[in-house]
**Q** 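I'd like to ask some things about the structure below.
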Number of protein chains: 2
Amino acid sequence: MATIKDVARKAGVGVGTVSRVLNGTGPVSPETRRAVLAAVEALGYMPSTTARAMVTKRTQTVGVLLPDIQNPFFPMVARGVEDACRQAGYTVILLSTDWDRERELSAAALLRRQGADGAVLVSVGDAAGVHAILGARGAPVVVVDRAAPGLAVSQLSVDHYRGEYEAVRWVRSRGHRRVGFLAGPAGVDSAELRLQAFLDAMEWDPADPGLPVARAGYGFEGGQRAAAELLDRFPDLTCLVAANDLSALGALSWLARQGRRVPDDIGVVGFDDILLASLVHPALTTVRQPAYAMGYRAAELLLQALKDPGRGPVQETLRPELVIRDSC
Amino acid sequence: MATIKDVARKAGVGVGTVSRVLNGTGPVSPETRRAVLAAVEALGYMPSTTARAMVTKRTQTVGVLLPDIQNPFFPMVARGVEDACRQAGYTVILLSTDWDRERELSAAALLRRQGADGAVLVSVGDAAGVHAILGARGAPVVVVDRAAPGLAVSQLSVDHYRGEYEAVRWVRSRGHRRVGFLAGPAGVDSAELRLQAFLDAMEWDPADPGLPVARAGYGFEGGQRAAAELLDRFPDLTCLVAANDLSALGALSWLARQGRRVPDDIGVVGFDDILLASLVHPALTTVRQPAYAMGYRAAELLLQALKDPGRGPVQETLRPELVIRDSC
DNA sequence: ATGAAAGCGCTAACAA
DNA sequence: TTGTTAGCGCTTTCAT
């Protein structure tokens with residue numbers, strides 16, 4: 001591997017000069033520049049990001065912490081982040097936390113060790129812990145798709161409560177009164193918000209022990225299981241509202257297997273609007289979150305914070321959109 | 001951020017000693033070790049991977065190049081790689097190439113700049129190019145899920161041809177004679193192999209212009225489109241064989257929309273055995289590729305090559321397994 | 001406009 | 001067993 005020294009020697013200049021032409025910092029005469037560029041070309045020289053990071057204290061990498069790379073929603077967020085970062089010359093380290101708080105923390109520690117300049121976080125619960133770890137290095141964090149109340153980090157999310165509330169009101173307006181809910185993972189902000197919105201929109205008492213609510217946990221299989229459980233306990237449900245699309249899809253699959261027609265026998269509603277939602281049959285009625293755009297915007301926020309660390313954290317809330325299709 | 005110097009000062013020892021206790025290289029007296037560890041603890045010291053990389057020439061990171069992070073098969077491979085790497089203390093940089101040869105190459109260049117020690121590659125076509133780029137830095141590459149004929153890199157793949165061949169023979173044994181094929185992306189090794197196997201198993205002439213074959217390209221939507229096209233041109237098909245599960249799922253969804261019963265009216269067969277395949281209704285008959293295990297094994301091969309660069313590339317071929325479910 | 005030199009935080013070789 | 005020191009490849013003053 002050629003180094004900057006080799007280039008300098010070949011071009012007959014000092015290393016400082018090479019650095020200057022490569023980074024466009026400081027004045028260089030046209031002929032010198034040409035000579036340097038020629039040497040770079042001839043040697044196939046590529047500056048070492050490691051050495052550069054050593055002196056600049058910047059690695060030009062940002063981390064993305066996601067709960068579950070198997071749920072299409074998250075990769076979509078990741079792509080948004082990656083596209084924005086790549087454009088700005090940043091590399092992305094993608095880490096999956098598997099819905100595990102421990103792993104979320106150890107992933108943050110890994111990012112810190114790797115010298116990540118910042119991180120985009122879809123937290124599974126301990127946003128504060130992540131912020132503490134990365135903040136020690138002065139690395140900004142932006143939390144996406146969740147609220148991180150009281151944390152001095154930028155936040156970007158849809159209004160989960162409002163999205164679910166509107167969806168459920170719409171379900172009710174269709175005449176449904178016996179509606180079951182497939183809840184997301186306990187302790188996860190978005191999941192709790194959607195559950196609360198469901199309860200409120202149904203005007204049900206959260207303390208009531210006989211509520212048609214089952215934990216599905218955002219997964220396809222969880223959706224299948226929870227649908228089975230719910231319809232076993234409440235056979236007369238006319239609609240199932242799932243906390244996200246993947247579990248709604250699970251419910252759909254279980255219903256199909258049981259020979260129950262959707263939406264004629266029973267309605268199903270999701271949340272997220274992942275690609276599959278519009279493609280399955282019947283197409284899923286759901287609440288749209290702009291995953292890619294959110295990832296992209298989150299990265300922009302992060303890059304901004306990196307560029308001028310002075311500005312305080314911002315907080316953006318997007319309005320989710322009810323997408324009415326065929327499943328309810 | 002505390003540095004090794006701070007630790008040394010606080011512990012009243014030289015930096016060399018600190019390095020020795022942290023890396024377990026060279027002898028240290030128990031008391032010194034204790035003092036150093038205490039200082040590390042007190043200062044919350046974390047060694048800079050950057051500085052370390054600077055001298056060791058190893059970044060302890062490996063890249064994973066995947067065609068499409070939206071297809072569940074690839075994230076599953078990625079998880080296998082990540083788990084194996086994390087265990088060995090390596091960080092993974094996950095890059096999506098979007099079925100684009102250009103991006104595959106630029107991703108490789110990025111890995112090289114980042115100083116990745118090696119890479120796991122699910123190539124979209126230019127494995128040789130990637131190898132050339134990374135090889136210049138002495139970074140080994142292992143190609144997964146594809147053959148890279150003539151390339152001096154380790155390779156790990158299922159026998160796509162055999163898997164598809166057996167699947168199609170089984171389809172025929174069920175009495176199907178008019179069978180359509182939803183082909184994968186052109187120029188991609190696994191896709192070409194499966195197509196060839198299909199043709200051979202059907203004992204059809206590849207040159208025949210009237211073959212019931214349509215490009216679906218490994219995506220869900222492609223599967224829907226190709227199924228529609230195929231059944232439009234060949235209404236009497238009794239079975240659809242898709243080059244992968246995602247496109248098979250697309251076909252399934254289109255068929256459901258058309259009110260065609262699977263498998264009664266028409267059979268569907270996939271390839272991959274992604275999680276969804278067993279969960280949809282009807283459950284998909286498919287050819288299983290052990291995605292996670294392949295990723296894990298590929299990482300092992302890579303780590304091995306990193307540990308002792310002397311050994312030449314190895315080549316492992318797994319036997320795919322026909323999984324008979326309900327769709328055919 | 002350009003070269004020389006200091007130093008980023010660490011490891012490894014060498015002395016002691 | 002331990003401290004000191006020379007770089008790793010780069011950016012960034014500081015002279016010139």
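Each chain gets a letter, A, B and so on, in the order its sequence line appears, and its residues count up from 1.
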**Q** Give the intermediate values and the outcome of side chain to side chain contact (heavy atoms under 4.5 Å, CB included) for residues B/L37 and B/R34.
**A** CA-CA 5 Å; B/L37 260 19; B/R34 233 190 328 277; 5.8 Å; no
**Q** State, with a plain yes or no, whether a side-chain heavy atom of B/R86 is found less than 4.5 Å away from one of A/R103.
**A** yes
**Q** With under 30° as parallel and over 60° as perpendicular, where do the rings of A/W99 and A/Y218 fit, or are they tilted in between?
**A** tilted
**Q** Working to the nearest 0.5 Å, report the span between CG of A/L22 and OG1 of A/T17.
**A** 11.5 Å
**Q** Check whether A/T97 reaches the backbone of A/L66 with its side chain - one donor and one acceptor, N or O, closer than 3.5 Å.
**A** yes
**Q** Mind calculating the distance between CD (B/E31) and C1' (D/dT1) to the nearest angstrom?
**A** 10 Å
**Q** Pair B/V21, B/T32 - check side chain to side chain contact (heavy atoms under 4.5 Å, CB included), show working.
**A** CA-CA 9 Å; B/V21 348; B/T32 322; 5.7 Å; no
**Q** Tell me whether A/H160 contacts the main-chain N or O of A/D145 through its side chain, where contact means a donor paired with an acceptor under 3.5 Å.
**A** yes
**Q** Does B/S123 use its side chain to pair, donor to acceptor, with the backbone of B/D126 at less than 3.5 Å?
**A** yes
**Q** Please report, rounded to the nearest Å, how far the C1' atom of D/dT11 is from the NZ atom of A/K5.
**A** 14 Å
**Q** Could you check which residues of residues 12-21 of chain A get a heavy atom under 4.0 Å from DNA chain D? Sort them by number, please.
**A** A/G16, A/S19, A/R20
**Q** Under 4.0 Å from any heavy atom of chain A: name the first and the last nucleotide of DNA chain C that qualifies, 5' to 3'.
**A** C/dA1 to C/dG9
**Q** Contact class for B/T32 vs. all strands (heavy atom < 4.0 Å): base, sugar-phosphate, or nothing?
**A** sugar-phosphate
**Q** Under a 4.0 Å N-O cut-off, is there an ion pair linking B/E300 with B/R297?
**A** yes
**Q** What residues in residues 34-62 of chain A put a non-hydrogen atom under 4.0 Å from any atom of DNA chain C?
**A** A/M54, A/V55, A/K57
**Q** For A/A116, does its backbone N or O pair with a side-chain atom of A/R137 as donor and acceptor, under 3.5 Å?
**A** yes
